[in-house]
Amino acid sequence: MATMSALQSSFTSLSISSNSSFLGQRLLSPISLSVTSPVKPTENPCLVFAKLKRWERKKCKPNSLPILHKMHVKFGDTVKVISGRDKGKIGEVTKIFTHNSTIVIKDVNLKTKHMKSREEGEPGQIVKIEAPIHSSNVMLYSKDKDVVSRVGHKVLEDGQKVRYLIKTGELLDTIEKWNQLKEAKDKETTQVAVASAS
């Protein structure tokens, strides 16, 4: 009750004259209310950066996902490094990052990582890990002919589109090769599962 009387007294103490009454008047002029054209955003909003560093951020699609680049190499290809510190090394592609066109090659571009001990009594260690390398620094390699080559695309008689090496004509995308890769990956995952369980 006391609060109600305090509010009434505060309203009566306000001096609002009848000439300067704001009740019933428009707050905005009619000119500012008219919209001539719909407002379009000037930039594409990019909310997802796919684990990119601040200096690596790429252009985005309208759905805020990064633009993925097509690469001439795929998982399981044998490649030769043609530039950089590891020039001349040959290895197999083990991982692909399409958002920045980098690949990880087995036993190439090794970096030392200092690991802290995770449990008490366990010593820290220095581990060699394979760092990504840009896909433009590698070329596809033929083990049979010991030669590097660019990649070409052609359609077989059964309508299947495959990649092949231009210099040697060797097919890269064959069903037997993909089955071998799948079996090797399954074997690796079962070994990791057994190791983690024990």
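With sequence neighbours left out, the side-chain hydrogen bond (donor to acceptor under 3.5 Å, both in side chains) criterion links Glu170 to Ser142. Residues meeting the side-chain contact (heavy atoms from CB on, under 4.5 Å) test with Ser136, sequence neighbours left out: His134. With sequence neighbours excluded, the residues that form a side-chain contact (heavy atoms from CB on, under 4.5 Å) with Asp146 are Tyr141.
Criterion: ILVMFWY side-chain heavy atoms under 4.5 Å apart, direct or through other members. Under it, Phe75 and Met71 are not part of a common hydrophobic cluster. Under the 4.5 Å side-chain heavy-atom criterion for Ile, Leu, Val, Met, Phe, Trp and Tyr, Val93 and Val104 are members of distinct hydrophobic clusters. One hydrophobic cluster, built from ILVMFWY side chains closer than 4.5 Å, holds both Ile96 and Ile133. Leu172 and Val162 sit in two unconnected hydrophobic clusters of ILVMFWY residues. Membership requires side-chain heavy atoms under 4.5 Å apart, directly or through other members. Hydrophobic clustering (ILVMFWY, side-chain heavy atoms < 4.5 Å, transitive): Met139 and Leu165 are in distinct clusters.
Nearest heavy atoms, Ser117 versus Pro123: CB-C, 4.0 Å. Pairing each heavy atom of His69 with each of Ser101, the nearest pair is CB-OG, 3.3 Å. Considering every non-hydrogen atom in both Pro132 and Phe97, the closest pair reads CG-CE1, 4.0 Å. Taking every heavy atom of both residues into account, Val138 and His72 meet most closely at O-NE2, 3.3 Å.
Going from atom CD of Gln191 over to atom CD of Glu188 covers 7.5 Å, rounded to the nearest 0.5 Å. Ile129 CD1 to Asn109 CG: the interatomic distance, rounded to the nearest 0.5 Å, is 9.5 Å. Note that CG of Asp186 is 8.0 Å distant from CD of Glu183, once rounded to the nearest 0.5 Å.
Note on residues 106-127: no pairs pass salt bridge (Lys or Arg N to Asp or Glu O under 4.0 Å), not counting sequence neighbours. Counting only residues at least two apart or on different chains, the salt bridge (Lys or Arg N to Asp or Glu O under 4.0 Å) pairs with a member in residues 68-87 are Asp77-Arg163, Asp77-Lys177, Asp86-Lys89.
A heavy-atom distance below 4.5 Å is not found between the side chains of Glu92 and Ile105. Using a 4.5 Å heavy-atom cutoff, the side chains of Asp144 and Thr168 are not in contact.
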Under 3.5 Å, sequence neighbours excluded: what are the donor-acceptor pairs made by side chains of residues 148-160?
from	atom 1	to	atom 2	distance (Å)
Ser149	OG	Ile166	N	3.1
Ser149	OG	Lys167	N	3.0
Asp158	OD1	Gln160	N	3.3

Practice item. Given side chain to side chain contact (heavy atoms under 4.5 Å, CB included), test Met115 with Ile126 step by step and report yes or no. Key: CA-CA 6 Å; Met115 303 284 288; Ile126 298 174; over 6 Å; no
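Of the possible polar contacts, none joining the Asn137 side chain to the Ser83 backbone as a donor-acceptor pair under 3.5 Å is found.
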